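Notes to accompany the following structure.
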Amino acid sequence: MTCAEYEDLILDEIDGQLAQQMRPLLRRHLAACDGCRAFLAAQTEIDQSLSGARSPELSPRFTARVLAEIDVVRHDTPLFVRISFLAELAGLAAVAGAGAFVVQHWFPRLVLGGPWVVAAAILCVGAWLTLADPPTPSA
Amino acid sequence: MDEDIRTYLDASRYREAFELLLDRYQHKSFRLAYSMLGDEASAEEMAQDVFLQIWKALPSYRGDASLSTWIYAITRNRCLTGRKKLRERQAVSIEEPGVKAAVDSRHASKPERRQSLPDSAMLLAQLSPPYREALRLFYLEEKSYEEVSAMLDLPIGTVKTYLHRARKQLAGSLTRVAKVMS
């Protein structure tokens, strides 16, 4: 094994990941190798320095701040909800067009104002039903 | 693990789901942000943005990935964007009076520092961002390869490689400094 490979074993040992059966091998190498002993000393210093660094903490008001903010923020409308909403509108327009066509060709004198009144009426009722049930999920 | 949150989500009870999620993941998201940004105030600001985005997107969460994976991905993406802005904000000249004074005071205090442990911030500053993030998280998450791997979305083997390379690099520079000093 090379010293670079022993260095990996040293790091595994520091991280508590070194297999039990590898320990005697590492110990024997350390007894004979100045370079790897220096590496171990440097790693011990690095480990102590980084372990001793203060862990940052969130401020105690963090949760309250986030919860206060979400009270005034709406959810994004998911794509599939938006697509279904557009499909509803397209369907509505098609039904209104079909209604206007039927009135124009089969009952030209039945409705005052012609087929456009029928189409507008269908659109209004449909839009009212669609908007009364908004697609955006509420909290 | 997050079955309770999923149950609320399935019932479209987003507020309850969010409160549980916030309680469970705020520290992890903050630590991930800190590991990427290296600045406490910016990390907290970022964590707040992340949870607002999570709140907005909560109805779109389909459950394909685990909640933790989803939250970490949002945090990482926001931090990658935020890091660029932070770098621009921190780009101050060494000749500015405040910076010069700080540098001078570091030089002045060198003799006392020689006997003590190396400064952790100074050590981490020598590393490239992926190594620095992995090492910071490794110590913040109390040396768990698994947690670091989940937070950075890297295979455990890659995390281990990063951690080994980062510490070998630091050991190399400590040894060089020791040689210069002696």
Side-chain angles (χ1 to χ4, degrees), chain A residues 3-18 34-82 135-139, chain B residues 12-19 22-23 26-27 29-31 33-35 39-41 43-44 47-48 50-62 116-124 135-136 138-140 142-145 160-161 163-164 166-168 170-175 178:
Chain A
C3 280
E5 287 166 323
Y6 278 110
E7 286 176 359
D8 285 327
L9 296 188
I10 290 170
L11 290 170
D12 283 344
E13 172 68 5
I14 288 173
D15 297 347
Q17 305 275 333
L18 187 66
D34 288 343
C36 284
R37 273 203 306 278
F39 180 80
L40 174 62
Q43 284 310 327
T44 309
E45 269 192 35
I46 291 166
D47 192 65
Q48 284 173 357
S49 168
L50 295 175
S51 300
R54 190 182 66 86
S55 287
E57 290 292 334
L58 275 171
S59 67
R61 298 262 317 134
F62 182 79
T63 304
R65 245 185 5 242
V66 173
L67 290 178
E69 277 212 50
I70 64 160
D71 284 337
V72 291
V73 175
R74 280 174 70 91
H75 296 297
D76 286 339
T77 308
L79 185 64
F80 72 95
V81 175
R82 266 182 275 161
T136 309
S138 60
Chain B
S12 300
R13 291 170 66 181
Y14 300 114
R15 175 80 189 204
E16 288 97 329
F18 184 79
E19 283 179 13
L22 179 64
D23 183 51
Q26 57 178 293
H27 295 288
S29 173
F30 168 66
R31 286 201 286 263
Y34 177 73
S35 81
D39 176 77
E40 221 169 311
E44 179 154 338
Q48 191 166 336
V50 164
F51 280 99
L52 278 187
Q53 193 183 338
I54 288 171
W55 168 251
K56 287 187 202 168
L58 212 48
S60 320
Y61 174 70
R62 305 288 201 85
S116 61
L117 286 171
D119 178 52
S120 60
M122 212 172 68
L123 286 175
L124 290 167
L135 206 55
R136 227 182 233 145
F138 184 63
Y139 282 96
L140 291 178
E142 294 174 350
K143 295 188 173 185
S144 159
Y145 288 159
K160 192 175 165 182
T161 305
L163 292 170
H164 279 212
R167 286 179 291 175
K168 281 182 181 181
L170 292 180
S173 66
L174 278 186
T175 313

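For clarity, every value in this text was computed on a predicted model and none was experimentally measured. Chain naming here is simple, since letters A, B, ... match the order of the sequence lines and numbering starts at 1 in each.
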> Roughly how far apart are A:L58 CG and B:S29 OG, rounded to 0.5 Å?
Replying inline: 8.5 Å
> Mind checking whether B:F18 and A:V66 have side chains closer than 4.5 Å, heavy atoms only?
Replying inline: yes
> Given a strict heavy-atom distance threshold of 4.5 Å, which part of A:E69 is in contact with chain B: side chain, backbone, both, or neither?
Replying inline: both
> Taking C-beta and beyond as the side chain, do A:F62 and B:F30 meet within less than 4.5 Å on heavy atoms?
Replying inline: no
>> Using a 4.5 angstrom heavy-atom cutoff, name the option from B:E40, B:R136, B:E44 with the most pairs to chain A.
In response: B:E44
>> So for A:I10, is it side chain, backbone, both, or neither that comes closer than 4.5 Å to the heavy atoms of chain B?
In response: neither
>> Just so I understand: if I count every heavy-atom pair under 4.5 Å between each of A:S55, A:G16, A:A42, A:S59 and chain B, which residue has the most?
In response: A:S59
> Taking side chain as C-beta onward, heavy atoms only, is B:R15 less than 4.5 Å from A:D71?
Replying inline: yes
>> Counting only non-hydrogen atoms closer than 4.5 Å, does B:A47 touch chain A with its backbone (N, CA, C, O), its side chain (CB onward), both, or neither?
In response: both
> Which one of B:K160, B:K168, B:H27, B:R31 has the most heavy-atom pairs closer than 4.5 Å to chain A?
Replying inline: B:K168
> Picking from B:L52, B:L58, B:L170, B:D23, which has the most non-hydrogen pairs under 4.5 angstrom with chain A?
Replying inline: B:L52
> Are there more than 12 heavy atoms of other residues, nucleotides or ligands under 6.0 Å from atom CD of B:E142?
Replying inline: no
> So do the side chains of A:L11 and B:L163 get within less than 4.5 Å of each other, counting heavy atoms only?
Replying inline: no
> Between B:L140 and A:P56, which heavy-atom pair has the shortest distance, and what is it?
Replying inline: CD2-CD, 3.6 Å
>> If we define contacts as heavy-atom pairs under 4.5 Å, which of A:I14, A:L67, A:D15, A:T63 has the most with chain B?
In response: A:D15
>> Between A:D47 and B:K143, does any NZ, NE, NH1 or NH2 come within less than 4.0 Å of an OD or OE carboxylate oxygen?
In response: yes
